[in-house]
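Structure first, then comments.
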Amino acid sequence: MKFTAGVLLVALALAGCGKAVDPTPAPTPATTASGPTRFADARDACGIGSQVSVDDGGRTVTVNGIGKDEMGASLRMEQTDCLLEKLNVSSAVKKHMETTRALDGQQTDEWDGIKARWTYHPDDGLNLILQDTH
């Protein structure tokens with residue numbers, strides 16, 4: 001009897017040492033309008049500030065490129081390039097944007113959970129809307 005009770009106590013002690021595994025994954029924090037987003041992070045990393053509008057709780061960014069007739073709050077191409085680089089744009093999508101002509105109208109493409117729509121005209125520059133599809 002002593003042997004059985006001792007084995008039982010050791011077994012119970014060892015069973016208490018293990019950690020139970022929770023089969024449900026921890027929820028990922030939701031992105032809120034005031035929380036950090038990849039669009040806001042990219043904008044801030046490029047030092048663009050309020051020249052780029054991040055809307056819809058951080059799920060949409062609007063870029064107004066600068067053309068030959070514009071000044072002010074519009075982005076220079078190197079600023080737009082920085083933003084796209086921080087968002088890991090694929091080289092295929094970047095080439096699609098770079099080769100868009102005014103006659104082509106609105107273009108669309110996607111990469112890494114980002115849907116892009118843009119137009120280009122020499123007078124207006126590249127005007128771009130990015131949407132987070134995740």
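For the pair H134 and R38, the minimum side-chain heavy-atom distance is below 4.5 Å. Counting heavy atoms from C-beta on, the side chains of L130 and L87 come closer than 4.5 Å. At a threshold of 4.5 Å between non-hydrogen side-chain atoms, the residues K86 and C46 count as touching. Side-chain contact between T80 and L126: present, with at least one pair of heavy atoms (C-beta onward) separated by less than 4.5 Å. Side chains of V54 and R59 form no contact here, defined as non-hydrogen atoms less than 4.5 Å apart. Using a 4.5 Å heavy-atom threshold, the side chains of F39 and L83 count as separate. You'll find the side chain of T62 stays beyond 4.5 Å of the side chain of L128, heavy atoms only.
Not counting sequence neighbours, the partners of Q106 by the side-chain hydrogen bond (donor to acceptor under 3.5 Å, both in side chains) test are R117. Partners of D104 under the salt bridge (Lys or Arg N to Asp or Glu O under 4.0 Å) rule, at least two apart in sequence or in another chain, are R101. Partners of D109 by side-chain contact (heavy atoms from CB on, under 4.5 Å), not counting sequence neighbours, listed by chain and number: V93, H96, W118.
Remark: N88 CG to D112 CG distance equals 6.5 Å, nearest 0.5 Å. The line from OG1 of T37 to CG of D44 is 8.5 Å long, rounded to the nearest 0.5 Å. In this structure, CD on E110 lies 9.5 Å from CD on Q131, to the nearest 0.5 angstrom. For the atom pair CD1 (I66) and CD (Q51), the distance works out to 9.0 Å, reported to the nearest 0.5 Å.
Listed for the T133 side chain is a donor-acceptor partner under 3.5 Å among the backbone atoms of G113. Using a distance-only test at 3.5 Å, with no hydrogens or angles considered, no donor-acceptor pair links the side chain of R43 to the main chain of I48. Remark: the backbone N or O of D56 is not paired with any side-chain donor or acceptor of T60 at under 3.5 angstrom.
In this structure, L84 and W111 approach most closely via the heavy-atom pair CD2-CH2, 4.0 Å.
Salt bridge status for K94 with D81: present, with a side-chain N to carboxylate O gap under 4.0 Å.
Cluster annotation: V61 and I129 are assigned to distinct hydrophobic clusters (Ile/Leu/Val/Met/Phe/Trp/Tyr, side-chain heavy-atom contacts under 4.5 Å, transitive).
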